[in-house]
Amino acid sequence: MFKEQNKDDKYELYDGEVKFRYFKETVQSAIGYAHQHSKFEVYFSPTAVQGSLNINSNKVSWNTPCVLIVYPNMLHSSIMADSKTYERYYFSFGKKMLDCFDAHIIPKILTEQNSCCLFTLSEEGAQELRRIIDPVIKRENGASVQERELAFMMFMTRLCEITKDEDIYKLNTMISYVFDVMKYIIDNFKGTLTSTDIARHFSISRSKLERNFRSSTGYSVHEFVDICRMNEALNLLIASDFASVKRVSELCGFENETYFYLFFKRKTDMSPLEYRRMKLEGKTPSALQKRGITQ
């Protein structure tokens, strides 16, 4: 996603449920490889920048300060932006974190079934949100889990308070049961999984499943299964235990190591071991940059 990252301009805080990142850099314009995550992702741009993100079969664009929320399991590709240097805040959190708060505290928008929400902000509103989150993200010695979660909920609550309804764009055109289909695939793609199996599980015809899934996501069921397996492979290849290529292929649900090798080569223009070596050297392989693959 990012062309180059200055370590002096990046701050990261991690815990089991909330992750914060701050970037100040030049972003490479590219259409990225579609991927998905099991958590909510929030992108906060406190300054005006021309950018966009492909979510399922839709393109979401902005040119003002904004906050973009991508809901769990949604297919999305790398952010595209103009070439100037600008700031971006990134947050991710899971449903478990929301369960820690009383229902009346959680912004209602986080409990709705959307693909994404885009909040366009005034410069004054963006700076107010920055003041809420900056002390936690940039604190030299870090902050406690409770402080991070509280700061984030304050950020989300204030975001909903200062944004007018007409300045909130909600993307929720997906056929409702397809949300459940995506979650089912994500939970089961490591095994033998076909569209016939999925259609039987949801008591619908295969043709209806394929038709509804493509119209909602822009991808076929088979393509989505491949995306899940590819994302898992990219992560496992650079995990700390350095599993063998054969083991990675097994964990991702591929028929055999040879098929996995050919699949990976076709997607990335390199072998699994070449990818691992380049990532361990701290490089983003040029073949992946062209394709927008950022893991």
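This one's a predicted model, so the numbers in the text were calculated from it and none came from an experiment.
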Is the shortest heavy-atom distance from the side chain of [X] to the side chain of [Y] under 4.5 Å?
X: L53; Y: L118; result: no
X: I69; Y: M156; result: yes
X: I109; Y: K170; result: yes
X: F152; Y: V42; result: yes
X: V245; Y: E257; result: yes
X: P72; Y: K39; result: no
X: V221; Y: L193; result: no
X: F263; Y: M230; result: yes

### Message
For Y43 together with Y89, are the ring centres under 6.0 Å from each other?
### Response
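Aromatic pair excluded; centres sit 6.0 Å or further apart.
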
### Query
Using the benzene-type ring in the case of Trp, are the ring centres of F91 and F155 under 6.0 Å apart?
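Yes, the ring of F91 comes within the 6.0 Å limit of the ring of F155, centre to centre.
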
How close do [X] and [Y] get, heavy atom to heavy atom, and via which atoms?
X: M182; Y: N56; result: CE-OD1, 4.2 Å
X: Q127; Y: P46; result: NE2-O, 3.6 Å
X: R276; Y: L236; result: NH2-O, 4.2 Å
X: F44; Y: A126; result: CZ-O, 3.3 Å
X: L234; Y: I238; result: O-CG1, 3.5 Å
X: S216; Y: I175; result: OG-N, 3.2 Å

Check this for me, if you would: do [X] and [Y] make a salt bridge, where the nitrogen-to-carboxylate-oxygen distance has to be below 4.0 angstrom?
X: R158; Y: E161; answer: yes
X: D197; Y: R200; answer: yes
X: E232; Y: R229; answer: no
X: D187; Y: K183; answer: yes

#### Entry: side chain to side chain contact (heavy atoms under 4.5 Å, CB included) partner of H76, chosen from I55, N54, L68
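Exactly one option meets the side chain to side chain contact (heavy atoms under 4.5 Å, CB included) with H76, and it is I55.
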
### Query
To the nearest 0.5 Å, what is the distance between CZ (F119) and OG1 (T163)?
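It comes to 6.0 Å.
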
### Task
Enter the distance from T217:OG1 to N58:CG here, rounded to the nearest 0.5 Å.
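Nearest 0.5 Å value for the OG1-CG distance: 10.0 Å.
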
### Message
Counting only heavy atoms not in E112 (residues, nucleotides, ligands), do more than 12 fall under 6.0 Å from its CD?
### Response
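Atom CD in E112 is packed in, count exceeds 12.
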
### Task
Verify the neighbour count for atom NE2 of H222: are there more than 12 heavy atoms of other residues, nucleotides or ligands below 6.0 Å?
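No, not enclosed.
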
### Query
Quick one: does N114's side chain have a donor or acceptor within less than 3.5 Å of a partner on C116's backbone?
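Side chain of N114 to backbone of C116: no pair is present.
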
### Flag, side chain of T111 to backbone of K108, donor-acceptor distance under 3.5 Å
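Such a contact is found between T111 side chain and K108 backbone.
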
### Task
From the options F189, Y219, Y184, F213, select the one residue that forms a ring-ring contact (aromatic ring centres under 6.0 Å, His included) with F224.
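Of F189, Y219, Y184, F213, ring-ring contact (aromatic ring centres under 6.0 Å, His included) with F224 is met by F213 alone.
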
### Task
Name the orientation class of the two ring planes belonging to F264 and Y275 (parallel below 30°, tilted from 30 to 60°, perpendicular beyond 60°).
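Aromatic pair F264/Y275 classed perpendicular.
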
### Task
Go through the steps for R247 and E250 under the test salt bridge (Lys or Arg N to Asp or Glu O under 4.0 Å), then give the verdict.
CA-CA 5 Å; R247 182 57 178 158; E250 293 172 350; 3.3 Å; yes

### Task
Please report the C-alpha distance between C252 and K190 in whole Å, then the side-chain angles of each, then the deciding distance to 0.1 Å, and finally whether the side-chain contact (heavy atoms from CB on, under 4.5 Å) criterion is met.
CA-CA 5 Å; C252 295; K190 296 178 183 180; 5.9 Å; no

